[in-house]
Visitor: 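I have a structure here, written as structure tokens, and I will follow up with some questions on it.
All values reported here derive from a predicted model rather than from experimental measurement. Here is how names work: the chains are called A, B, and so on, in the same order as the sequence lines, proteins then strands, and each is numbered from 1.
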There are 2 protein chains.
Amino acid sequence: MIFDRWNALLKNADSIFDTVSDEQLQQELRPGKNRGIYLLGHLIAVHDDMLSILDLGAKEYPDLYTLFVSSPDNASSEMPSVGELRALWKKQLVTLTAKAEDFAKEPHRNKLNIILTRTTHLSYHVGQLTLLKQQ
Amino acid sequence: MIFDRWNALLKNADSIFDTVSDEQLQQELRPGKNRGIYLLGHLIAVHDDMLSILDLGAKEYPDLYTLFVSSPDNASSEMPSVGELRALWKKQLVTLTAKAEDFAKEPHRNKLNIILTRTTHLSYHVGQLTLLKQQ
């Protein structure tokens with residue numbers, strides 16, 4: 001049940017990223033708030049961290065964690081390009097989907113709770129990303 | 001586990017509503033998008049509907065469902081005032097918290113799934129409402 005929501009939200013986020021342009025991702029959600037590119041990097045970094053917490057592999061992108069989780073959005077910080085982040089997102093999506101399937105076979109309560117909190121976290125930001133789409 | 005997330009998100013939404021002013025609730029999340037007042041009414045209407053789906057009581061606010069779920073936001077439609085909606089939210093919060101406690105004792109899979117989807121729905125809009133808060 002939780003995995004169904006997780007997968008649906010991942011698909012949802014993926015289709016938003018496919019829909020919004022690079023220019024839209026450079027926009028702030030509201031003046032002075034995070035940009036779309038920051039949320040893209042933030043989700044990749046949080047999900048990378050999640051995989052390591054679940055013992056599903058070592059963190060692949062510790063630099064992204066520093067940039068997109070430990071630090072707030074800052075237009076002057078050196079970030080990967082939107083194109084690079086889009087590619088990492090697509091690559092990670094394959095991993096997340098495959099690992100989640102394995103994991104769903106033998107969920108442990110504490111670890112399932114990690115999936116649940118990441119599911120609501122994803123939903124939180126999907127709600128925000130939706131605002132970047134044009135009417 | 002799911003009820004913990006649900007309760008935490010309700011609390012989270014409640015504290016955002018306490019923080020933002022009536023004027024902020026009249027703002028659009030982005031130009032042309034929903035206003036805060038619409039999301040406040042929308043959450044009350046969806047949660048009212050949820051209680052009836054869970055057989056925890058009849059729908060108390062069918063008019064709000066028509067206004068805030070069946071219809072998109074529209075500045076010219078006749079809505080209850082922010083003050084009235086704030087009062088309904090606070091009243092409903094007591095009901096939701098009490099009913100959820102009862103319900104958590106005997107969750108059924110299908111109904112638990114309703115709570116889960118409403119939890120991610122709530123998270124989605126909490127992410128958006130956060131944007132109304134001042135820096």
Side-chain angles (χ1 to χ4, degrees), chain A residues 1-13 15-16 20 23-36 38-40 42-43 46 72-75 104 107-135, chain B residues 1-13 15-16 20 23-36 38-40 42-43 46 72-75 104 107-135:
Chain A
M1 200 165 76
I2 294 174
F3 287 100
D4 285 349
R5 287 304 299 153
W6 167 251
N7 282 322
L9 280 162
L10 272 183
K11 223 182 246 184
N12 203 337
S15 101
I16 292 176
V20 299
E23 290 68 35
Q24 284 172 315
L25 285 178
Q26 295 292 354
Q27 287 177 34
E28 294 170 325
L29 298 173
R30 273 175 80 90
K33 306 284 182 182
N34 293 331
R35 290 169 299 162
Y38 181 84
L39 292 190
L40 173 54
H42 178 71
L43 290 176
V46 167
D73 192 9
N74 180 349
H108 301 283
R109 188 181 168 83
N110 288 346
K111 292 191 174 179
L112 192 59
N113 202 29
I114 304 289
I115 309 270
L116 177 61
T117 54
R118 294 318 177 276
T119 299
T120 53
H121 174 264
L122 181 57
S123 184
Y124 181 101
H125 290 304
V126 165
Q128 298 181 330
L129 287 164
T130 306
L131 300 173
L132 289 180
K133 288 200 289 187
Q134 254 148 5
Q135 290 281 73
Chain B
M1 200 165 77
I2 294 174
F3 287 100
D4 285 350
R5 287 305 298 154
W6 166 251
N7 282 321
L9 280 161
L10 272 183
K11 223 182 248 185
N12 203 338
S15 102
I16 292 175
V20 299
E23 291 69 36
Q24 284 172 314
L25 284 178
Q26 295 291 355
Q27 288 178 32
E28 294 171 324
L29 297 172
R30 274 175 80 91
K33 307 284 181 179
N34 294 332
R35 289 169 299 161
Y38 181 84
L39 292 189
L40 173 55
H42 178 72
L43 290 176
V46 167
D73 191 10
N74 180 350
H108 300 284
R109 190 182 166 84
N110 289 345
K111 293 191 173 177
L112 192 58
N113 202 29
I114 304 288
I115 309 270
L116 177 61
T117 55
R118 295 316 177 277
T119 299
T120 53
H121 174 263
L122 180 56
S123 185
Y124 181 99
H125 290 304
V126 165
Q128 298 180 331
L129 287 164
T130 306
L131 300 172
L132 289 181
K133 288 199 289 185
Q134 256 148 5
Q135 290 282 73

Visitor: Pick one of side chain, backbone, both or neither for B/E28, based on which atoms fall under 4.5 Å of a heavy atom in chain A.
Guide: backbone
Visitor: Atom CZ of B/R5 and atom CG of A/N113: how far apart are they, to the nearest 0.5 Å?
Guide: 8.0 Å
Visitor: For a quick test of reading the model, state the closest non-hydrogen atom pair linking A/L116 to B/M1 and the distance between them.
Guide: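 Smallest heavy-atom distance, with atoms named: CD2-O, 3.6 Å.
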Visitor: For the pair B/T120 and A/V126, evaluate side-chain contact (heavy atoms from CB on, under 4.5 Å) and give the outcome as yes or no after the intermediate values.
Guide: CA-CA 10 Å; B/T120 53; A/V126 165; over 6 Å; no
Visitor: Distance from B/Y124 atom OH to A/Q128 atom CD, nearest 0.5 Å?
Guide: 10.5 Å
Visitor: So, for A/R30 and B/L132, which heavy atoms are closest and what is the spacing to 0.1 Å?
Guide: NH1-CD2, 3.7 Å
Visitor: For A/L131 versus B/K33, what's the shortest heavy-atom pair and its separation?
Guide: O-CE, 3.5 Å
Visitor: Counting heavy-atom pairs under 4.5 Å to chain A, which of B/L9, B/T119, B/T130 comes out on top?
Guide: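 Highest number of heavy-atom pairs under 4.5 Å: B/T130.
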Visitor: What part of A/L112 gets closer than 4.5 Å to chain B, counting heavy atoms only: side chain, backbone, both or neither?
Guide: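 Contact with chain B involves both backbone and side-chain atoms of A/L112.
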